[in-house]
Amino acid sequence: MARFSLVFAAAGLLLLVAMAEATTKTIFTTTTTFEENPTDRTDMSCSQQLVEQAMLNHCVKYLETGSGMSMDLERTSEPTPAEKHLMLCCMQVRNIDEMCRCDAIKMMMNQQRWTQQQMGKVMGMAENLPKKCKVEPEMCKMRAVWF
């Protein structure tokens, strides 16, 4: 029994020493945070970027006004000129990663309900939006699909 008590006491003492040793060690944890750079959108999908840029709503308004379609004729206060929509459209286009710009413009075009007559004019304007906004690529090839 004495031998059991001695082994038990030694084990207890060893446990106390181990606990004391563990509490004296300092553990350093390094946390790295990255601020999101608004111009670095490479980790976002093209559709996410399009949504973030309000589906290029100002580009739609620019295409509507530039193609002769009415925007909102019932609204008489503060009509919005096509140039203002183009400027805001260009801001939206610039906020989309270069690799996604044409895809975003195509997605924006596909979200609209253009008639065949409207599509002829707006498609040419949409293809040239990057050039008009002075961004790369200068032109986005579009193709209309009619059902």
When rounded to the nearest 0.5 angstrom, what is the spacing between SG in Cys100 and NZ in Lys106? 12.0 Å
Kindly determine whether Cys90 and Cys133 satisfy disulfide bond (SG atoms under 2.5 Å apart), including the steps that lead there. CA-CA 5 Å; Cys90 288; Cys133 295; 2.1 Å; yes
For Asn57, all residues meeting side-chain hydrogen bond (donor to acceptor under 3.5 Å, both in side chains), sequence neighbours excluded: Gln92
Could you go step by step and tell me if Lys61 and Lys84 meet the side chain to side chain contact (heavy atoms under 4.5 Å, CB included) rule? CA-CA 10 Å; Lys61 293 294 185 184; Lys84 181 176 180 181; over 6 Å; no
If you apply the rule side chain to side chain contact (heavy atoms under 4.5 Å, CB included), what do you find for Ile96 with Asp103, and how did you get there? CA-CA 10 Å; Ile96 294 177; Asp103 287 341; over 6 Å; no
Within 6.0 Å of NZ in Lys132, more than 12 heavy atoms from elsewhere: no
Tell me every residue that passes side-chain contact (heavy atoms from CB on, under 4.5 Å) with Gln111, counting only those two or more places apart in sequence or in another chain. Met55
Measure from the side-chain N and O atoms of Gln49 to the backbone N and O of Ala104, and report whether any donor-acceptor pair falls under 3.5 Å. no
Side chains of Leu50 and Gln53, heavy atoms from C-beta outward: is any pair under 4.5 Å? no
Is Asn95 close to Glu52 at the side-chain level, that is, under 4.5 Å between some pair of heavy atoms? no
In the structure I gave you, are the side-chain heavy atoms of Ile105 and Cys59 within less than 4.5 Å of one another anywhere? no
Ignoring hydrogens and angles, write down the donor-acceptor pairs under 3.5 Å from the side chains of residues 135-142, residues two or more places apart or on other chains.
none

Hey, what else clusters with Met87 if you join Ile, Leu, Val, Met, Phe, Trp, Tyr whenever side-chain heavy atoms sit under 4.5 Å? Leu88, Met91
To check you understand the geometry: which heavy-atom pair defines the closest contact between Ala126 and Leu63, and what is its length? N-CD2, 3.8 Å
Results of side-chain contact (heavy atoms from CB on, under 4.5 Å) for Gln112 - residues two or more places apart only: Val60, Trp114
Measure the shortest side-chain to side-chain distance between Leu86 and Leu129 over non-hydrogen atoms and say whether it is less than 4.5 angstrom. yes
